[in-house]
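Okay, so here's the structure we're looking at.
Order of listing sets the numbers, starting from 1, for every ligand and every atom in it.
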Amino acid sequence: MSETLGVASDHAGLELKQALAAELSKRGLVVREFGTTTSDSCDYPDFAHAVARAIDSGEIQRAILVCGTGVGMSIAANRHAGVRAVVCSEALSARMARQHNDANVLCVGARVVGAGTALDIVDAFLGAAFEGGRHALRVAKINFEGSAS
Ligand code: RB5
């Protein structure tokens, strides 16, 4: 079964989110929209938490969140134990966040990057796989402090 990718934004990220979702759908990805769907001013945590709950429950595995900077979305999403959200403004960090940190939520700032760069970032994130190995132990320590040895 193919993966369902969650997408959400606030009003500031609406246009970029819709552009990204349209492109990813065109390529055959299954995209689930968590809102917002209008340009009315709204609160980014409402949408970050909705997506994070879906990740915590296993309904979706990965998601893209868009707000003005990506920052608020990432702070809210990272309050959930099963979420490792990253804000990225370039592709290298997005790729490494998958490979080394097993990040499962990508946050993008619509007021920070243009649509072309945002798509590059999304492609880097979706195209990279977690490398496991030594990184798995480190990722495990994110939620549970452990001995350094
Ligand atoms: C909305 O004005 C803005 O604060 C929000 O989109 C986001 O950038 C917050 O982190």
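Between the Lys17 side chain and the Glu33 main chain, no donor and acceptor come within less than 3.5 Å of each other. Side chain of Asp10 to backbone of Met73: no donor-acceptor contact under 3.5 angstrom is found.
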Please tabulate, line by line, the atom pairs linking an N/O of ligand 1 to a protein N/O at a distance below 3.5 Å, with the distance in Å to 0.1, or answer 'none'.
unit_1   : atom_1 : unit_2 : atom_2 : d
ligand 1 : 2 (O)  : Arg111 : NH1    : 3.2
ligand 1 : 6 (O)  : Asp10  : OD2    : 2.5
ligand 1 : 6 (O)  : Gly68  : N      : 2.7
ligand 1 : 8 (O)  : Gly68  : N      : 3.2
ligand 1 : 8 (O)  : Thr69  : N      : 3.0
ligand 1 : 8 (O)  : Thr69  : OG1    : 3.3
ligand 1 : 10 (O) : Thr69  : OG1    : 3.4
ligand 1 : 10 (O) : Gly72  : N      : 2.9

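Across every non-hydrogen atom of Ile64 and Leu24, the tightest pair is CD1-CD1, 4.0 Å.
Note: His135 and His100 have parallel aromatic rings, judged against thresholds of 30 and 60 degrees for the angle between ring planes.
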Under 3.5 Å, which donor-acceptor pairs link side chains of residues 108-133 to any protein atom two or more places apart or in another chain?
unit_1 : atom_1 : unit_2 : atom_2 : d
Asp123 : OD1    : Arg27  : NH1    : 2.7
Asp123 : OD1    : Arg27  : NH2    : 3.4
Asp123 : OD2    : Arg27  : NH2    : 3.3

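Annotation: the span from Arg98 atom CZ to Arg84 atom CZ amounts to 8.5 Å, rounded to 0.5 Å.
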